[in-house]
Amino acid sequence: TVLLIVTIVAISFPLSVNAQTIPSLSDVFFVDNQTVLAVGNSGIILKSTDTGNTWTQIACPVNEDLKGVKINGSLGIVVGNKGTILQSMNFGDKWIKVNSNVTSKDLSDLEILSNTKIIAIGKDSTMLVSKNSGDSWEAFGSISCSYSFDDLSFMDLNNGVLIAGGTIYGTTDGGSSWSDIKPSSIGGHHTAWSNLHCCSYSTNLMVIGENFTTKISMNPTGFEYYDAIWYKTSTGSFVEKKGTFRKCYDKTCTGTYYIQDIKILQDNNFLAVGDNGLIVKIENNGATWSYKNSGTTKNLTAVSYNGFNC
């Protein structure tokens, strides 16, 4: 696993910790300005207390692939395959398995909305909620969708967005109900977008990318793609901004640089990471795309930001 550290952490694989090769990592999260947690396959949990310069492996009670991690104060929650939910009450130093008995579906992401309320999402439109800091869980959310839920982002206790296949859903009541908010300006039905993959939600801006790739035209050898973001303004309208990073003219798009994760920086600027060491900083509401040299060709799967200038 490769971890890229500035005041930003981006993760991929393989990483050597204490002369041990670590499995693929899936998610990373800044606990505070110095402390970082990362999770991945085969129950791997890593912790750094020096912004990622050195790492220690934390004992994990399961061997399942872990997909998402969040910390809020001393409360930590990890979700993963086969309905795995882990809970920590001491800033991620010790983890226990929560026997939710609600689902055996793979879980992909989560949000901690308060000291007590947590929402987790996953395969086959699975959505769970805990109202007691992760001690117990129940099915949640009124949403009609035939896709697996991929990514979840909340701006506050009430307003959030959810990515499912080629569809964006929004909630204004803390996840109890959801509605399709696909930007009509993109054109076409959901399949015209392929797989939307990641999102971030801030005060007046929503950024969405399906690996930041969307179909724009047919040609003799397949599809043409371009990097793009869509953001929702404070008035509710959607605006599309294109990057100029790559085009793909074959049906499989082999060797392309798919974006895998995106996070808000400051002043509605964003940082995205992806395949083959891709790092791109997106500024001015999507008008400026700066592609950075990461120093690696490994696939980067997640990024976290600790609030310092970068």
Side-chain angles (χ1 to χ4, degrees), residues 1-17 20-58 60 64-73 75-81 84-86 88 91-93 95 107-112 118 120-121 150-154 197-201 207 209 211 258-265 270-281 292 294-296 298-308 310:
T1 297
V2 171
L3 289 116
L4 301 183
I5 314 296
V6 192
T7 54
I8 301 161
V9 175
I11 59 174
S12 181
F13 60 90
L15 171 73
S16 178
V17 176
Q20 177 187 2
T21 299
I22 297 301
S24 300
L25 297 176
S26 303
D27 200 13
V28 62
F29 189 83
F30 264 104
V31 179
D32 54 39
N33 291 338
Q34 299 293 320
T35 308
V36 195
L37 283 174
V39 300
N41 290 354
S42 303
I44 191 70
I45 302 176
L46 302 177
K47 185 174 184 178
S48 171
T49 58
D50 55 11
T51 63
N53 289 298
T54 59
W55 293 85
T56 301
Q57 186 169 348
I58 304 296
C60 179
E64 301 297 340
D65 293 348
L66 307 177
K67 299 300 183 181
V69 56
K70 293 290 190 302
I71 302 286
N72 183 11
L75 172 65
I77 300 291
V78 167
V79 298
N81 287 359
T84 297
I85 300 175
L86 307 181
S88 172
F91 307 95
D93 287 334
W95 296 87
L107 300 175
S108 58
D109 200 10
L110 74 148
E111 280 278 24
I112 301 179
I118 310 159
I121 60 169
D150 299 315
D151 201 3
L152 183 67
S153 182
F154 271 79
H197 184 71
C198 47
C199 61
S200 284
Y201 201 3
V207 171
N211 300 337
Y258 291 131
I259 286 180
Q260 300 296 340
D261 196 19
I262 181 171
K263 290 294 187 297
I264 299 168
L265 297 178
F270 296 81
L271 190 82
V273 299
D275 297 346
N276 297 306
L278 172 64
I279 297 179
V280 56
K281 188 174 183 181
K292 309 298 183 180
S294 66
T296 181
K298 299 292 185 179
N299 293 342
L300 303 177
T301 55
V303 60
S304 186
Y305 175 54
N306 69 357
F308 280 76
C310 64

Colleague: Are I77 and I85 side-chain neighbours, meaning at least one heavy-atom pair lies under 4.5 Å?
Modeller: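 In short, these two side chains touch, coming nearer than 4.5 Å.
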Colleague: Indicate yes or no for a side-chain donor-acceptor contact from T84 to the backbone of L107 under 3.5 Å, with no hydrogens or angles considered.
Modeller: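 Checking the backbone N and O of L107 against the side chain of T84, no donor-acceptor pair under 3.5 Å is found.
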Colleague: I'd like to know if the side chain of S294 reaches the main chain of I279, judged simply by a donor and an acceptor atom lying under 3.5 Å from each other, with no hydrogens or angles considered.
Modeller: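 Not at all, since once roles are kept as given, no pair shorter than 3.5 Å links the two residues.
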Colleague: Kindly write out the residues that satisfy side chain to side chain contact (heavy atoms under 4.5 Å, CB included) with F154, not counting sequence neighbours, or none if the list is empty.
Modeller: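 By the side chain to side chain contact (heavy atoms under 4.5 Å, CB included) rule, F154 matches E111, L113, I119, L152, T171, W178.
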Colleague: Taking side chain to side chain contact (heavy atoms under 4.5 Å, CB included) as the criterion, tell me which of V280, I262, V303 meets it with F270.
Modeller: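 Single pass found, and it is I262.
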Colleague: Any non-hydrogen side-chain atom of C60 less than 4.5 Å from a side-chain atom of L86?
Modeller: yes
Colleague: Mark yes or no for whether N81, through its side chain, and E64, through its backbone, hold a donor-acceptor pair below 3.5 Å.
Modeller: no
Colleague: Mind listing the closest non-hydrogen atom pair of W95 and L37 along with its distance?
Modeller: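 For W95 versus L37, the nearest heavy atoms are CZ2-CD1, 4.0 Å.
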Colleague: Working to the nearest 0.5 angstrom, can you tell me the gap between I264 CD1 and Y305 OH?
Modeller: 11.0 Å
Colleague: What pairs with S108 under side chain to side chain contact (heavy atoms under 4.5 Å, CB included), at least two apart in sequence or on another chain?
Modeller: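 For S108 the side chain to side chain contact (heavy atoms under 4.5 Å, CB included) partners, ignoring immediate neighbours, are I121.
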Colleague: Can you run down the salt bridge (Lys or Arg N to Asp or Glu O under 4.0 Å) pairs that involve residues 29-45, sequence neighbours left out, and say none if there aren't any?
Modeller: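 Salt bridge (Lys or Arg N to Asp or Glu O under 4.0 Å) check on residues 29-45 returns no pairs.
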Colleague: Stepwise, does the side chain to side chain contact (heavy atoms under 4.5 Å, CB included) test hold for L271 with K263?
Modeller: CA-CA 6 Å; L271 190 82; K263 290 294 187 297; 5.7 Å; no
Colleague: Look up atom CD in Q34 and atom CG in N53, then write down how far apart they are to the nearest 0.5 Å.
Modeller: 9.0 Å
Colleague: Quick one: does any side-chain atom of S26 pair with a main-chain N or O of L66 as donor and acceptor, under 3.5 Å?
Modeller: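 Checking the backbone N and O of L66 against the side chain of S26, a donor-acceptor pair under 3.5 Å is found.
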Colleague: Are the side chains of I118 and L75 in contact, using a 4.5 Å heavy-atom criterion?
Modeller: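 They are in side-chain contact.
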Colleague: Return all side-chain donor-acceptor pairs below 3.5 angstrom for residues 38-49, not counting sequence neighbours, or 'none' if the list is empty.
Modeller:
residue	atom	partner	partner atom	Å
K47	NZ	D93	OD1	2.3
S48	OG	D50	N	3.3
S48	OG	D50	OD1	2.8
S48	OG	G52	N	2.7
S48	OG	T54	O	2.9

Colleague: Are D109 and K70 side-chain neighbours, meaning at least one heavy-atom pair lies under 4.5 Å?
Modeller: yes
